[in-house]
**Q** 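Provided herewith is a single structure, encoded as C-alpha cells, for subsequent inquiry.
The structure displayed is predicted, hence computed values, not measured ones. Labels below follow one simple rule: chain letters A, B, ... track the order of the sequence lines, proteins then strands, and each chain is numbered from 1.
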Protein chains: 2
Amino acid sequence: MKQARHCFISESGELLARWQEAFPKASSIRFDQGMPVQPAPTLLWVRLPQGRPVANVLADIRRIHGNLPCIILSDLPDDDQALASFSAAARGYCNTHAVPAFLRQVAEVVGQGGLWIGESLMSRLVDATSRIEAKEPIESSDSWAAALTPREQEVARAIAEGASNKEIARGMGITERTVKLHVGSVLEKLGVRDRLQVALIVSGHRQSQPA
Amino acid sequence: MKQARHCFISESGELLARWQEAFPKASSIRFDQGMPVQPAPTLLWVRLPQGRPVANVLADIRRIHGNLPCIILSDLPDDDQALASFSAAARGYCNTHAVPAFLRQVAEVVGQGGLWIGESLMSRLVDATSRIEAKEPIESSDSWAAALTPREQEVARAIAEGASNKEIARGMGITERTVKLHVGSVLEKLGVRDRLQVALIVSGHRQSQPA
DNA sequence: CAGCCCCCTGTACTTCGGTACAGTTACCCT
DNA sequence: AGGGTAACTGTACCGAAGTACAGGGGGCTG
C-alpha cells in the first residue's frame with residue numbers, strides 16, 4: 001500500500017489543526033469545490049455539516065469526486081449516524097476532533113481495506129442483525145437467569161437496581177466478601193467484565209455473551 | 001502498535017505453509033492445548049473445524065487463552081458464518097487459504113483496532129440493521145438529556161453502552177481526565193451517585209432525581 | 001465414601017471510578 | 001472589558017469493584 005493522499009472536505013474548507021498534525025501533507029476543500037490539488041487524493045475525510053443527511057452529503061461528493069473511499073467525521077457522533085454513514089458506503093466513521101494519532105490509525109485501517117467502526121456500533125449491528133439472520137430461535141429475554149444459582153440471581157437483580165456491594169450484603173444478611181464472590185460468578189457466567197453490563201443485561205438492554 | 005505475536009489454532013495444530021510464509025515467527029497449537037509459547041501471543045487465528053458453531057469454538061478458546069483478539073479462518077467462508085463470528089466478538093473473518101499478503105493485510109487492520117469484514121457482509125449488516133433500528137428507537141425519551149451539554153450527553157450515552165472511562169476517552173479523542181470531568185457533571189446534574197444509575201436512566205429504566 | 005456444587009468467609013492485592021484542587025483556552029453576551 | 005459557560009488538562013487521593021489465594025460447612029449423587 002502506497003502513501004495515501006488525504007483530503008479534508010468541510011463546509012468552510014478549513015483544515016483543522018489536528019488534521020494538519022495528523023497528515024501534514026493533507027489538502028482541504030469546501031463541499032462545493034472541485035479538486036484543485038494534483039495529484040488527486042486517494043482518501044477523503046468528510047466533516048459532516050449539522051443536520052444534513054449523510055447519504056445526501058456523500059452522494060454530492062461522489063458526484064464531484066467519484067468513488068473515492070470516504071471517512072466520515074462527525075462533530076456529534078452517535079450510532080445512528082454512523083449506521084447511516086456505512087449505509088452510504090463510508091469506510092470509516094469517527095469524531096471530528098479525534099486526536100491525530102487516532103486519525104492516523106483510522107486511515108491506516110481504511111487504507112488497508114478495513115472498515116473503522118466503533119465497538120459500540122459493532123455490538124449494536126451484531127445484536128440487531130443476529131436477531132434477524134439467526135436461524136436459531138431467539139433467546140428469551142430473561143435467559144440470563146438460566147445459568148445462575150438462586151443467590152447469584154438475587155445479587156444480579158440487586159445490581160440492576162443499582163445497589164453497591166455493601167448494600168447488597170446488608171440486604172442479604174451476608175458479608176461484602178460473599179457478595180463479591182457471587183458478583184464474580186455472575187460476571188463470569190454472563191461473560192461480561194463489570195456490574196454495569198450485568199445491570200444492562202438484567203434490565204433487558206443487552207444480550208449476554210456466555211464465555 | 002507493536003509487532004504482533006501470532007498464534008494459529010486448529011484441530012490438528014499444524015501450521016499451514018501460507019501462514020508460516022505470512023508470519024515466519026508464528027506459533028501454532030491444537031484447540032485443546034494451553035499456550036506453550038513465551039511470551040504469550042497477541043493475536044489468535046482460529047481455523048474453524050467443520051460443523052462446529054463459531055460461538056462455541058471461540059468460547060472454548062477464550063476460556064483457555066483469555067480475551068485475545070481472534071481472527072476466524074474458514075475453509076468454506078460464507079456470510080452467515082462470518083456473522084456468527086462477529087457475534088462472538090471475532091475481529092476478522094477470512095478464508096483459511098488466503099494468500100500470505102492478504103493475511104498480513106488482515107492482521108494489520110485488526111492490529112490497528114479495525115475489523116476485517118467483507119463488503120458483501122457489510123451491506124447485509126447495514127440493511128438488516130436499519131430495518132430493525134427504525135422500528136425500535138433505542139432512546140427517544142430524552143428528558144435526561146435536557147440538562148446536559150452535548151459533550152455530557154455523549155458520555156452519558158457511552159456510559160449506557162457500558163463503556164469505561166478509558167474507552168470513552170479514546171472514542172471521543174480526549175483524555176481520561178476530561179471524561180471524568182464530564183461524568184462528574186452528568187452525575188451531579190442527574191442527581192445520582194454512580195455511572196450505573198446513569199446507564200439505567202439513559203436506557204429508560206430509571207427516572208432522574210434532580211438534586 | 002469420594003466428588004461435586006452451593007454457600008459462606010477471610011486477607012491481600014490491583015484497577016477503576018469519582019472527587020478535590022488548580023489551572024488553560026475559547027466563545028458568547030452584556 | 002468583564003463575566004459566564006463549556007470544554008479541556010494535570011496531579012493526587014480515597015474508596016469501591018473485582019481478583020487471587022485459601023479455606024470453612026452442607027447437601028446431593030454415583
**Q** Between atom CG in A:Leu181 and atom C1' in C:dC5, what is the gap in whole Å?
**A** 12 Å
**Q** So among B:Val186, B:Val183, B:Val155, which one has a side-chain contact (heavy atoms from CB on, under 4.5 Å) with B:Val198?
**A** B:Val186
**Q** Give a yes/no answer on whether the side chain of A:Asn165 brings an N or O atom under 4.0 Å of OP1 or OP2 in D:dA17.
**A** yes
**Q** On DNA chain D, nearest-nucleotide positions of B:Pro150 versus B:Lys180: which is more 5'?
**A** B:Pro150
**Q** For C:dC6 and A:His182 - does any side-chain N or O of the residue sit under 4.0 Å from the phosphate oxygens OP1/OP2?
**A** no
**Q** Between C:dC8 and A:Arg151, is there an OP1 or OP2 to side-chain N/O distance shorter than 4.0 Å?
**A** yes
**Q** Does B:Arg177 make a side-chain donor-acceptor contact with the base of D:dG10, cut-off 3.5 Å?
**A** yes
**Q** Roughly how many Å is it from CD1 in A:Ile174 to C1' in D:dG25, rounded to a whole number?
**A** 15 Å
**Q** NA contact type, A:Thr178, heavy-atom cut-off 4.0 Å: base, sugar-phosphate, or nothing?
**A** base
**Q** Can you figure out which of C:dA22, C:dG17, D:dA17 approaches the side chain of A:Glu176 most closely?
**A** D:dA17
**Q** Quick one: sort the A:Phe8 and A:Trp45 rings into parallel, tilted or perpendicular, breaks at 30° and 60°.
**A** parallel
**Q** Both B:Gly173 and A:Val183 contact DNA chain D. Which one's nearest nucleotide lies toward the 5' end?
**A** B:Gly173
**Q** Nearest whole angstrom, please: distance from the P of C:dG17 to the CG of B:Leu196.
**A** 12 Å
**Q** May I ask you to evaluate whether B:Thr149 reaches the phosphate of D:dT5, defined as a side-chain N or O under 4.0 Å from OP1 or OP2?
**A** no
**Q** Considering only C:dG17, C:dC7, D:dC8, which nucleotide approaches the side chain of B:Ser164 most closely?
**A** C:dG17
**Q** What is the distance, to the nearest angstrom, from the CG atom on B:Asp194 to the P atom on D:dC14?
**A** 21 Å
**Q** Check every atom of C:dG18, D:dA17, D:dC8 against the side chain of A:Arg195 and return the nucleotide holding the closest atom.
**A** D:dA17
**Q** Taking only Lys NZ, Arg NE, NH1 and NH2, and the carboxylate oxygens of Asp or Glu, determine whether B:Glu152 and B:Lys189 approach each other closer than 4.0 Å.
**A** yes
**Q** Can you measure A:Met172 atom CE to C:dC6 atom C1' for me and round it to whole angstrom units?
**A** 12 Å
**Q** Classify B:Leu187 by what it touches in the nucleic acid, base, sugar-phosphate, or nothing, heavy-atom distance under 4.0 Å.
**A** sugar-phosphate
**Q** Determine, for B:Glu154 against B:Arg157, whether the closest basic-nitrogen to carboxylate-oxygen distance falls under 4.0 angstrom.
**A** no
**Q** In whole Å, what is the span from the CD atom of A:Glu188 to the P atom of D:dA20?
**A** 9 Å
**Q** Measure from the side chain of A:Lys166, starting at C-beta and using heavy atoms only, and say which of D:dA16, D:dC8, D:dA17 lies closest.
**A** D:dA16
**Q** Give the rounded distance in Å between these two atoms: CD1 of B:Ile168 and P of D:dC8.
**A** 13 Å
**Q** Output the rounded distance in Å from CD (A:Gln197) to C1' (C:dC16).
**A** 14 Å
**Q** With a 4.5 Å heavy-atom cut-off, do A:Arg151 and A:Ser185 have their side chains touching?
**A** no
**Q** Check this for me: does any side-chain nitrogen of one of B:Arg195 and B:Glu161 sit under 4.0 Å from a carboxylate oxygen of the other?
**A** no
**Q** Just checking B:Ser185: base, sugar-phosphate only, or nothing, at a heavy-atom cut-off of under 4.0 Å?
**A** nothing
